Amino acid sequence: MTESPSVPTIPLNDGHSIPAVGLGTYGLNGADGTAAVVSAIDSGYRLLDTALNYKNEREVGEGVRAASVDRADLFVTTKLPGRHHGYDETLASFDESLAGLGLDYVDLYLIHWPNPRVDKYVDAWRAMVELRRRGVVRSIGVSNFTTAHLDRLIAETDAAPAVNQIELHPRFPQAAMRDYHAKHGIVTESWSPLAKGSDVTSTPVVTAIANRLGVTPTQVVLRWHVELGAVPIPKSADASRQRENLDVFGFALTADDVAAISALESGRLWDADPDTHEEF
Ligand SMILES: NC(=O)c1ccc[n+]([C@@H]2O[C@H](COP(=O)([O-])OP(=O)(O)OC[C@H]3O[C@@H](n4cnc5c(N)ncnc54)[C@H](OP(=O)(O)O)[C@@H]3O)[C@@H](O)[C@H]2O)c1
């Protein structure tokens, strides 16, 4: 095992803290998936992002047990699928996730999508609060929630999420959501932080900054997330790209760099508008 860089952490509004970069695991399945999780942990990753719907909680749990790091030093996130919204359904779904992972607690449990047409995310949220009270979940949060969904959760339950995991990359910088999160003490997590293989890393803006700093274009994009105070969770199945993606704490961007990258905004990658997109 090579020496691992230490990843800084960001405080959450509940007294816990979250690593500043994590591993996305969508698509990491089977033996190769477990191996990718182990290589990431051995390279220094401490935050692992899965979901019941990724069908790889078993692989993530196996990776956690196989890696040479104490469970207590890892931060495991999983997510409640839309088909399990509702109070009792959420408690049962969590049991299924915990059994799949083979762990006795998770660090962060998220409502994966609000599915507002179904209108059960507040009931799901009350169950998340209960899971936190029982101690089987350390921190609770949401994903793909808009400011209106967050306003409603806070008004009806008086429990603000610790995290909102949203689509965030240079093509969709989410300035209004990040501003709302900052005002409400919610940490922003960035999904598809590299814009999932789009052309972002080959834009002249990004490559010029990379050349100036002597880092890769991917590292520039991930550092942009860090400068914004957001937690990127890049997915990579490859050990050397995993290491590259974690190695973003030895350089900094200027305010002009950050602004130039944010100006690459062109819109969502696909039709993932949380007011209309549903996932079950
Ligand atoms: N909450 C939600 O609704 C939601 C939605 C989407 C995603 N997510 C989470 O966010 C995670 C990340 O998003 P994502 O997987 O959609 O996309 P992403 O992390 O933006 O991009 C992943 C792609 O970039 C490649 N890549 C990674 N590092 C690279 C590097 N250093 N150089 C060149 N290519 C590189 C990967 O290929 P290789 O594997 O071959 O390196 C893969 O094709 C997911 O895995 C999942 O955990 C959550």
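Since this is a predicted model, take the numbers as computed values, not measurements. Counting convention: from 1, in listed order, for ligands and their atoms alike. Numbers for residues simply follow the sequence, beginning at 1.
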Using heavy atoms and a threshold below 4.0 Å, how should the contact between T216 and ligand 1 be classified: side chain, backbone, both, or neither? neither
Applying a 4.0 Å heavy-atom criterion (strictly less than), which segment of S192 is in contact with ligand 1: side chain, backbone, both, or neither? both
How long is the gap from OG1 on T188 to CZ on R178, to the nearest 0.5 Å? 7.0 Å
Looking at H112, which atoms of ligand 1 are within less than 4.0 Å of one of its heavy atoms? 1 (N), 2 (C), 3 (O)
Min N/O separation S236 to ligand 1 under 3.5 Å: yes
Under 4.0 Å, heavy-atom basis, I'd like to know which part of A272 is in contact with ligand 1: side chain, backbone, both or neither. neither
Between K79 and ligand 1, is there a nitrogen or oxygen pair with a distance under 3.5 Å? no
A student checking ligand 1 against T218 at a 4.0 Å heavy-atom cut-off should list atoms 30 (C), 31 (N), 32 (N)
Pull out every atom of ligand 1 sitting under 4.0 Å from any heavy atom of P234, numbered as shown with elements. 19 (O)
Rounded distance [0.5 Å steps], CH2 in W191 versus CG in D49: 11.5 Å
Between the CZ atom in R133 and the CD1 atom in I140, the distance rounded to the nearest 0.5 Å is 12.0 Å
Going by the atom numbers of ligand 1, which of them fall below 4.0 Å from some non-hydrogen atom of Y54? 4 (C), 8 (N), 9 (C), 46 (C), 47 (O), 48 (C)
Looking only at protein heavy atoms, which one is nearest to atom 47 (O) of ligand 1, and what is the separation? D49 OD2, 2.7 Å
Do D275 and R117 meet the salt-bridge criterion of a basic N to acidic O distance under 4.0 Å? no
Going by the 4.0 angstrom heavy-atom rule, the piece of K235 near ligand 1 is both
Contacts of H85 meeting side chain to side chain donor-acceptor pair (under 3.5 Å) (sequence neighbours excluded), chain-then-number -> none
Provide, to 0.1 Å, the distance between atom 34 (N) of ligand 1 and the closest protein heavy atom, together with that atom's residue and name. R241 CD, 3.8 Å
Value for OG1 (T90) from CG (D88), rounded to nearest 0.5 Å, stands at 8.5 Å
Distance under 6.0 Å and angle within 45° of the ring axis: does R152 meet both against F145? no
Salt bridge or not between R212 and D257? Use side-chain N to carboxylate O under 4.0 Å. yes
Between Q165 and ligand 1, which residue portion shows a heavy-atom distance shorter than 4.0 Å: side chain, backbone, both, or neither? side chain
Have a look at N53 and tell me which of R83, E279, H112 forms a side-chain hydrogen bond (donor to acceptor under 3.5 Å, both in side chains) with it. R83
As an exercise, state the distance from OG of S97 to CG of L80, rounded to the nearest 0.5 Å. 8.0 Å
Distance-only N or O hit between ligand 1 and L194, under 3.5 Å: yes
Kindly assign one of parallel, tilted or perpendicular to the pair F172 and H169, based on the angle between their ring planes and the thresholds 30° and 60°. tilted
Please write down residue, atom name and distance for the protein heavy atom closest to atom 6 (C) of ligand 1. W191 CE3, 3.2 Å
Please output the side-chain donor-acceptor pairs of residues 258-270 that fall under 3.5 Å, not counting sequence neighbours, one pair per line with the distance.
{"unit_1": "S262", "atom_1": "OG", "unit_2": "W224", "atom_2": "NE1", "d": "3.1"}
{"unit_1": "S262", "atom_1": "OG", "unit_2": "V258", "atom_2": "O", "d": "3.0"}
{"unit_1": "R268", "atom_1": "NH1", "unit_2": "A272", "atom_2": "O", "d": "3.3"}

of all protein heavy atoms, closest to atom 44 (C) of ligand 1 is Y26 CB, 3.7 Å
I need the nearest protein heavy-atom contact for atom 11 (C) of ligand 1: residue, atom name and distance, please. I233 O, 3.3 Å
Which of the atoms in ligand 1, numbered in the order shown and given with their element, are less than 4.0 Å from a heavy-atom of W113? 3 (O)
Find all atoms of ligand 1 within a distance of less than 4.0 Å from any non-hydrogen atom belonging to E244, and give their numbers and elements. 31 (N)
Atom indices of ligand 1, in the order listed, that fall short of 4.0 Å to a heavy atom of N144: 1 (N), 2 (C), 3 (O)
Value for CZ (R46) from CG (D70), rounded to nearest 0.5 Å, stands at 9.5 Å
Return the closest protein heavy atom for atom 28 (N) of ligand 1 as residue, atom name and distance. N245 ND2, 2.9 Å
Output the list of atoms in ligand 1 that are nearer than 4.0 Å to some heavy atom of A195, sorted by atom number. 20 (O)
